[in-house]
Amino acid sequence: MVSICLARAGAKKQPYYHIVVTDSRNKRDGRYLELVGHYNPVAHGQAERLRMDQERVKHWIGVGAQATETVATLLKAASA
């Protein structure tokens with residue numbers, strides 16, 4: 001199954017996530033099909049908290065990809 005999930009990047013105590021489309025059998029930070037956005041939960045000041053390519057996410061959901069709970073929450077926040 002294809003899923004849209006978060007892949008962890010960044011340093012210890014400074015999380016940064018890539019929003020990726022991947023096969024659910026791959027590792028969390030492993031190989032992915034497409035990078036569709038970035039999420040920085042500890043953004044301060046002028047730093048960008050969330051960037052997501054809405055059209056590519058809609059395309060992947062349209063062809064059957066399942067978003068994880070966290071990504072679904074971020075999708076709602078990005079569309080509002």
Residues which pass side-chain hydrogen bond (donor to acceptor under 3.5 Å, both in side chains) with His59, listed by chain and number, not counting sequence neighbours: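 Partners of His59 by the side-chain hydrogen bond (donor to acceptor under 3.5 Å, both in side chains) criterion come out as none, since no residue qualifies.
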Going by heavy atoms in the side chains, are [X] and [Y] under 4.5 Å from each other?
X	Y	value
Leu75	Ile61	yes
Lys27	Asp29	no
Thr22	Leu33	no

Measure the spacing between [atom1] of [X] and [atom2] of [Y] and express it to the nearest 0.5 Å.
X	Y	atom1	atom2	answer
Glu34	Arg56	CD	CZ	4.0 Å
Asp23	Ser3	CG	OG	7.5 Å
Arg51	Leu74	CZ	CG	15.0 Å
Ile4	Ser24	CD1	OG	12.5 Å
Arg49	His38	CZ	NE2	15.5 Å

Common cluster, [X]/[Y], ILVMFWY with side-chain heavy-atom separation under 4.5 Å:
X	Y	value
Leu50	Val71	yes
Met52	Val42	no
Val63	Val20	no

Considering all heavy atoms, the nearest His18-Leu35 contact: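 Scanning both residues, the minimum pair turns out to be CB-CD1, 3.5 Å.
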side-chain contact (heavy atoms from CB on, under 4.5 Å) against Tyr17, all qualifying residues, sequence neighbours excluded: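 Here the qualifying residues are Leu6, Arg8, Pro15, Tyr39, Pro41.
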Over 12 foreign heavy atoms within 6.0 Å of OH, Tyr32: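 Not buried by this count: 12 neighbours or fewer within 6.0 Å.
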